[in-house]
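Written below as structure tokens is the structure these notes are about.
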Amino acid sequence: MLSLALVACAAKQPKLEDECLYSPAKTQFAFWSNVAEQMEIHLYEAADAAEFEIVPLTKGENDFWTASVKGDLAGKYYTVRSFQNGEWAPEAPGIFAKAVSVNGQRAAILDLKATNPEGWDKDVRPAMPDPTDIVVYETHVRDYTISPNSGVVNKGKFLGMAEEPAINHLKELGITHLQILPMFDYGSIDETALDQNRYNWGYDPVNYNVPDGGYSTNPYDPACRIREAKAMIQALHKAGIRVVMDVVYNHTYDVMGCALGRVVPQYFYRLNEDGTYANGSGCGNETASDHEMYRQFMVQSVCYWAREYHIDGFRFDLMGIHDQETMRQIRAALDEIDPTILTYGEGWAAMAPAYPYEELAMKQWTYKMPRVGAFSDDIRNALIGSPFDHERGFASGNPAGKQALMNGLVGCIGFEDPNGLLGPEPLRWSGEPMQHVSYITCHDNYCLRDRIAVSAPEETEETQLNMNKLAQTAVLVSQGMSFLYGGEELYRTKQGIDNSYQSPDSINTIPWENKEKYADLFEYYQNMIAIRRAHKGFRLGCAEAVKDHVEFLDADNDQVIVYRIKDLEGIDTAKSLLVILNGSADEVTVDIPAANYNVLVSNYGADVNGIVNGDFAQAFAAPYSATILAEE
């Protein structure tokens, strides 16, 4: 049994993130509940100990229950439980646990400073001048490192992501940000049975503020997962790459299986009129960002990851479930830490949330949330077709999405084309280009190779590869942020599976052996990223600049787009940039403003330094290809 000495808590009003504040002299506890009649901590000597000491909590202002225990409690574990409605609720780690036992069943007490890898105090975010300079690469820790051909030792682990072979590929490709699928503690993988080789993307939140033990070399050691997650981030920062964390605040793994439901039943979730849990997530529940304490939880949680783990950005899963005000407050809080920290997400929900639609953080209201971005399903659907059917898109010969694609190329800012080619009501949902996340594939739905294969199965592999290049070129020449799904540069396939969230490694792993087999595709992606980063015209940064410098030229062909960025003296090394996107099966020739051009992309090849130079008044584009010229 423990010998405890309780002392009075500090008068300072606690916050949710102050759940467990450790020092060698004492540990302070603070838990919030607006329904508890009593609350207590169970303090354990070990993660698997049966005996515990009870520490009673005292209710103070604003429904915070607090206690302070003298002595050095490092290495011990705790849970909290509350008495409500005439009975004791099950134990839980607490809603803001920062360290946990295996499978997150108990919270651990430790000195967070002791989890810092060597040199952590000197870790800095890589320079990032403008959000539109960003090229995001999305991956999953296990996908990226588990292959026998990955070249890393710590396969499937945070430390594997920190090894040179893993990082060198990202540097070669030229991306600026690595977005990692959920790395917080999630519930669908048993950390005591990792040898069973089960797989999950991780969209099953249990403890939001702790790295998942499955990605650590020792899930039984609460400090190990923290130290190794930090080591991964530190290594990526040293390589000049920022780290974006995929966060899933919109639902939990279940209700009573996590602290939010056990400590304060119902409050953190939206309910239907009949008292059942609303299900905008499609996962059995949806959280209530509009409730003040859950809003505070979200704000404090992202700030904690930004401060403690030096995370550089947050991708919000099903952001449309959250309310706009919460997203604005998150943005403001992160600005106080570092304004270059990214915030963007999915501007939709799986099902209708139980909240007024016009107040939700849906894509169409993105302009109401300054500097919060949203994925552009407009440019995605236009280029490769909707994920809900097998129709072709513009990049594979279907002209139906041409105008949506043109709107996406300029960031869906309500661009009024001076030549009138976008019609009288151009699409507008973003306020600035940086709010427009251009992409064609992510972990959801088909990967690009499979999507093209199911929509154009009769085409040869060569033609399908050309469609692949064309689609990705459109993403990388659009105004706004560019986003790539990891492995597309290696022509990955998921064997036709469009929802691989629990498929085995054989489906989800990155095919490193393809780097040599499809070297031409990798080099094309590499050069397209370099071309984007070399030419400011493709990332003008603000809506007014886009309106001032961009025009579309009439190609007189429903399957061809001619996109020109002009008058770039003092902005770009080129006087103008001209892009031809040919989504047809025929070679096309286009009249262009006569000038001396350096051809950067042509005939399925790309070179940041140029393929050929000359005076041109016409340009051609091969079938299903892009041509890009830089005026000298």
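Ion pairing between Asp185 and Arg225 holds under the 4.0 Å rule for side-chain N and carboxylate O. A salt bridge does not link Arg295 to Asp290: none of the charged side-chain nitrogens sits closer than 4.0 Å to a carboxylate oxygen. No salt bridge links Arg81 with Glu91; every basic N to acidic carboxylate O contact stays at or beyond 4.0 Å. Contact check on Asp450 versus Lys494 returns no salt bridge, with no Lys/Arg side-chain nitrogen under 4.0 Å from an Asp/Glu carboxylate oxygen. Classification of Asp505 and Arg142 as a salt-bridged pair holds, one side-chain N sitting under 4.0 Å from a carboxylate O.
With sequence neighbours excluded, no residue forms a ring pair (Phe, Tyr, Trp, His ring centres under 6.0 Å) with Tyr367. Taking the salt bridge (charged side-chain N to carboxylate O under 4.0 Å, His left out) definition, one finds that Arg371 meets it with Asp335, sequence neighbours left out. Listed by chain and residue number, Asn200, Asp204 satisfy the side chain to side chain donor-acceptor pair (under 3.5 Å) test with Ser188 (two or more places apart in sequence, or in another chain). Under the side chain to side chain donor-acceptor pair (under 3.5 Å) criterion, Thr473 pairs with Tyr524, not counting sequence neighbours. Every side chain to side chain donor-acceptor pair (under 3.5 Å) that Gln84 has, sequence neighbours left out, goes to Ser82. For Tyr491, the ring pair (Phe, Tyr, Trp, His ring centres under 6.0 Å) partners two or more places apart in sequence, or in a different chain, are Tyr518. Scanning for side-chain contact (heavy atoms from CB on, under 4.5 Å) contacts around Ser33 gives Val35, Ala36, Met39, Trp65, Val264, with sequence neighbours left out. A search for ring pair (Phe, Tyr, Trp, His ring centres under 6.0 Å) contacts involving His177 returns nothing, not counting sequence neighbours. Scanning for side chain to side chain donor-acceptor pair (under 3.5 Å) contacts around Asp246 gives Tyr203, Arg315, with sequence neighbours left out.
When only modelled atom types and interatomic distance are considered, Tyr525 and Asn468 share a side-chain donor-acceptor pair under 3.5 Å. Checking Trp429 against Asp378 by side-chain atom types alone, a donor-acceptor pair falls below 3.5 Å. A donor atom on one side chain and an acceptor atom on the other are not found under 3.5 Å apart for Tyr304 and Gln300. Judged by distance alone, the side chains of Asp190 and Asn103 do bring a donor and an acceptor atom under 3.5 Å apart. Side-chain atoms of Thr252 and Tyr269 include a donor-acceptor pair closer than 3.5 Å. Side chains of Asp143 and Thr509: no donor on one and acceptor on the other come within 3.5 Å. Judged purely by distance below 3.5 Å, without hydrogens or angles, the side chains of Tyr485 and Arg492 pair a donor atom with an acceptor atom. Remark: the Tyr277 side chain and the Gln266 side chain contain no N/O donor-acceptor pair separated by less than 3.5 Å.
One N or O on the side chain of Glu286 and one on the backbone of Ala354 form a donor-acceptor pair closer than 3.5 Å. Of the possible polar contacts, none joining the Ser376 side chain to the His436 backbone as a donor-acceptor pair under 3.5 Å is found. Here the side chain of Asp417 pairs a donor or acceptor atom with the backbone of Phe552 at under 3.5 angstrom. With Glu19 contributing its side chain and Phe96 its backbone, the two residues share a donor-acceptor pair below 3.5 Å. Put simply, the side chain of Asn272 never gets that close to the backbone of Asp274: no donor and acceptor are under 3.5 Å apart. Gln324 places no side-chain N or O within 3.5 Å of a backbone atom of Met369 that could act as its donor or acceptor partner. In this structure, the side chain of Asn279 engages the main chain of Gly284 through a donor-acceptor pair within 3.5 Å. With hydrogens and angles ignored, the 3.5 Å screen pairs a side-chain donor or acceptor of Arg539 with a backbone N or O of Arg532. Side chain of Gln479 to backbone of Leu540: a donor-acceptor contact under 3.5 angstrom is found. Judged by distance alone, the side chain of Thr287 and the main-chain N or O of Asn250 form a donor-acceptor pair under 3.5 Å.
Here the options are Gln296, Met298, Glu292, the test is side-chain contact (heavy atoms from CB on, under 4.5 Å), and the partner is Tyr294; only Met298 passes.
Heavy-atom contacts from other residues, nucleotides or ligands closer than 6.0 Å to OH of Tyr501 number 12 or fewer. Around the CD atom of Glu358, the shell of radius 6.0 Å holds more than 12 heavy atoms that belong to other residues, nucleotides or ligands. Within 6.0 Å of CE on Met351 lie no more than 12 heavy atoms contributed by other residues, nucleotides or ligands.
Residues Gly282 and Ala350 share a closest heavy-atom pair of N-CB, 3.9 Å. Across every non-hydrogen atom of Met128 and Thr176, the tightest pair is CE-CB, 3.9 Å. Nearest heavy-atom pair across Thr493 and Gly496 is OG1-N, 4.3 Å. Minimum heavy-atom separation, Leu194 to Pro219: CD1-CG, 4.2 Å. In terms of heavy atoms, Ala30 sits closest to Phe64 at CB-CD2, 4.5 Å. In plain terms, the two heavy atoms of Thr139 and Tyr144 that are nearest each other are OG1-CB, 3.4 Å.
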**OP:** Tell me, with the steps shown, if Glu138 and Tyr439 meet side chain to side chain donor-acceptor pair (under 3.5 Å).
**Re:** CA-CA 11 Å; Glu138 180 194 44; Tyr439 84 114; over 6 Å; no
Original post:
Does the pair Tyr357 and Gln364 meet the rule for a side chain to side chain donor-acceptor pair (under 3.5 Å), with working shown?
Top reply: CA-CA 11 Å; Tyr357 182 82; Gln364 73 183 82; 2.8 Å; yes
Original post:
Would Glu488 and Thr441 satisfy side chain to side chain donor-acceptor pair (under 3.5 Å), going step by step from the backbone distance to the final call?
Top reply: CA-CA 9 Å; Glu488 300 291 25; Thr441 52; 2.5 Å; yes
**OP:** May I have the step-by-step check of side chain to side chain donor-acceptor pair (under 3.5 Å) for Ser386 and Asn381, ending in yes or no?
**Re:** CA-CA 5 Å; Ser386 166; Asn381 294 350; 4.8 Å; no
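Aromatic ring centroids of Tyr267 and Trp32 lie under 6.0 Å apart. The distance between the ring centers of Trp201 and His140 does not fall below 6.0 angstrom. Close placement of the Tyr208 and Phe297 rings is indicated, their centers lying within 6.0 Å of each other.
The list of salt bridge (Lys or Arg N to Asp or Glu O under 4.0 Å) pairs with a residue in residues 298-307, not counting sequence neighbours, reads Glu17-Arg307. Applying the ring pair (Phe, Tyr, Trp, His ring centres under 6.0 Å) test to pairs two or more places apart or on separate chains, those with a residue in residues 323-345 are Tyr344-Phe375.
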Report, one line per pair, each donor and acceptor closer than 3.5 Å where one atom sits in a side chain of residues 404-416; sequence neighbours left out.
unit_1 : atom_1 : unit_2 : atom_2 : d
Asn407 : OD1    : Leu427 : N      : 2.9
Asn407 : ND2    : Gln403 : O      : 2.9

